[in-house]
Number of protein chains: 2
Amino acid sequence: MITSPKKLSYMEVANGIKVMSDPTRLLILKLVESKEYCVCQLVEMFDISQPAMSQHLGKLKKEGLLKERRRGQWRFYSIDESSSQISLIRVILSQIDDEDEQFLKLLEKEAPIDCQ
Amino acid sequence: MITSPKKLSYMEVANGIKVMSDPTRLLILKLVESKEYCVCQLVEMFDISQPAMSQHLGKLKKEGLLKERRRGQWRFYSIDESSSQISLIRVILSQIDDEDEQFLKLLEKEAPIDCQ
DNA sequence: ATTTTATATAAAATAATGTTTATATAATCA
DNA sequence: TGATTATATAAACATTATTTTATATAAAAT
């Protein structure tokens, strides 16, 4: 039996889209939707300071949108599939053009870093 | 022939959800999704100052989410069906539980005001 | 014409957010 | 063990958003 996703309160939606509305965080989510990324990779790709990236990831994790996997000194982030807001995340990300120029530029910057 | 909605750039999505992420504005949108409301009705229902309401409506209109109809001294606002972001608006509002307690409370406060 | 009513706008005050700078933690490496 | 690397956290600072207060506009009523 397939259960339809539980509807959210308006405050849950407000909080969810608020944390997603920062341009950097929205792109992070669009990236980690398809696979996990290491913090060091994200810092490289976004050309942003390490603490700034850490703050963004912390907010997304606190809101329950991302999950974290630790391996050695590295931390990998990806969409938390079990999030109560997973449906909200998906429908919003699906509104973004996959050919969006800046998103493609970001993908090009993805370098094979030795954090695997 | 049915054309699928144009995909948005990530910045269009970021700006759209940012303006929707304020709790008051999200509820305004949820209300005006089904019918138009006069400013004076909204001020009553939200128990907020008139200038504050006007600022919220101004932001939603500026972002292209709402349209305005003038009749005499009154202004009525409703969802702009022709907005490039109409699909984004709809999928987000559809995530909100129609039985959300605070949304229902708001509907109860809807008084027949003589602005019709 | 003057006053009232509905709404918007501008400026000031307040609150929230994001970035930087500095420091802490914890794992790995030499 | 001590140094290095990856990341997080905290505090200070800068930026942005929201609310309030005051004023402007424009339609309707007197």
Side-chain angles (χ1 to χ4, degrees), chain A residues 10-11 14-29 31-32 36-78 110-116, chain B residues 10-11 14-29 31-32 36-78 110-116:
Chain A
Y10 94 96
M11 277 310 295
N15 291 333
I17 64 182
K18 181 175 206 172
V19 81
M20 291 183 75
S21 73
D22 176 89
T24 300
R25 291 197 294 267
L26 186 62
L27 275 182
I28 290 172
L29 283 168
L31 274 180
V32 302
E36 64 175 18
Y37 281 83
C38 172
V39 178
C40 65
Q41 293 179 293
L42 295 172
V43 168
E44 278 293 317
M45 293 166 78
F46 281 86
D47 198 24
I48 200 183
S49 76
Q50 177 272 316
M53 177 56 71
S54 189
Q55 305 268 20
H56 285 307
L57 292 169
K59 287 196 178 183
L60 290 167
K61 180 157 179 263
K62 193 176 174 205
E63 186 62 25
L65 309 189
L66 291 189
K67 70 182 176 205
E68 179 195 281
R69 179 174 71 91
R70 299 186 186 199
R71 182 188 166 116
Q73 43 190 161
W74 298 289
R75 300 197 188 183
F76 297 86
Y77 286 89
S78 56
E110 187 182 336
I113 294 184
D114 58 347
C115 55
Q116 302 306 329
Chain B
Y10 94 97
M11 277 310 294
N15 292 334
I17 65 182
K18 182 175 206 171
V19 82
M20 290 183 75
S21 73
D22 176 89
T24 300
R25 290 196 294 265
L26 186 61
L27 274 182
I28 291 172
L29 283 168
L31 275 181
V32 301
E36 64 176 18
Y37 281 82
C38 171
V39 177
C40 64
Q41 293 178 294
L42 296 172
V43 168
E44 278 294 317
M45 294 166 78
F46 282 88
D47 199 25
I48 199 183
S49 76
Q50 176 273 314
M53 177 55 72
S54 189
Q55 306 270 18
H56 284 307
L57 293 169
K59 286 195 180 184
L60 290 167
K61 182 159 178 259
K62 193 176 172 205
E63 186 62 25
L65 308 188
L66 291 189
K67 69 182 177 205
E68 180 195 280
R69 178 174 73 90
R70 299 186 187 200
R71 182 186 167 117
Q73 42 190 164
W74 297 290
R75 299 196 188 184
F76 297 85
Y77 285 89
S78 57
E110 187 182 336
I113 294 183
D114 58 348
C115 56
Q116 302 307 328

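Naming convention: chains lettered A, B, ... in sequence-line order (proteins, then strands); numbering from 1 in each chain. None of the values given here were measured: they were computed from a predicted structure.
- Residue-to-nucleotide proximity on DNA chain D shows that, of B:Lys59 and A:Cys38, the 5′-proximal contact is made by A:Cys38.
- We find the NE2-CG distance between A:His56 and A:Leu27 to be 11.0 Å, quoted to the nearest 0.5 Å.
- A donor-acceptor contact under 3.5 Å is not formed by the side chain of B:Gln55 with the base of C:dA8.
- When heavy atoms are screened at a 4.0 angstrom cut-off, B:Cys115 is found touching no nucleic acid atom at all.
- If you check every strand for non-hydrogen atoms under 4.0 Å, A:Lys18 touches sugar and phosphate atoms only.
- Atom pair B:Lys61:NZ and C:dT7:C1' shows a separation of 12 Å (rounding to whole Å applied).
- Between A:Ile48 atom CD1 and D:dA6 atom P there is a gap of 18 Å when expressed in whole angstrom units.
- Per the geometry, CZ belonging to A:Arg75 stands 8 Å off P belonging to D:dT7, to the nearest Å.
- Protein atom CE of B:Met53 is 18 Å distant from nucleotide atom C1' of D:dT21, rounded to whole Å.
- Contact annotation for B:Tyr77: backbone-only contact, meaning every heavy-atom pair under 4.0 Å involves sugar-phosphate atoms and none involves a base.
- One interatomic measurement links the two molecules: CD of A:Glu68 to P of D:dT7, which rounds to 10 Å at whole-angstrom precision.
- Within the nucleic acid shown, A:Arg25 comes within 4.0 Å of sugar-phosphate atoms alone, with no base atom in reach, counting heavy atoms only.
- Donor-acceptor pairing under 3.5 Å, judged by distance alone, is absent between the side chain of B:Gln50 and the base of C:dA6.
- Between the CD atom of B:Gln73 and the P atom of D:dA27 there is a distance of 10 Å, rounded to whole Å.
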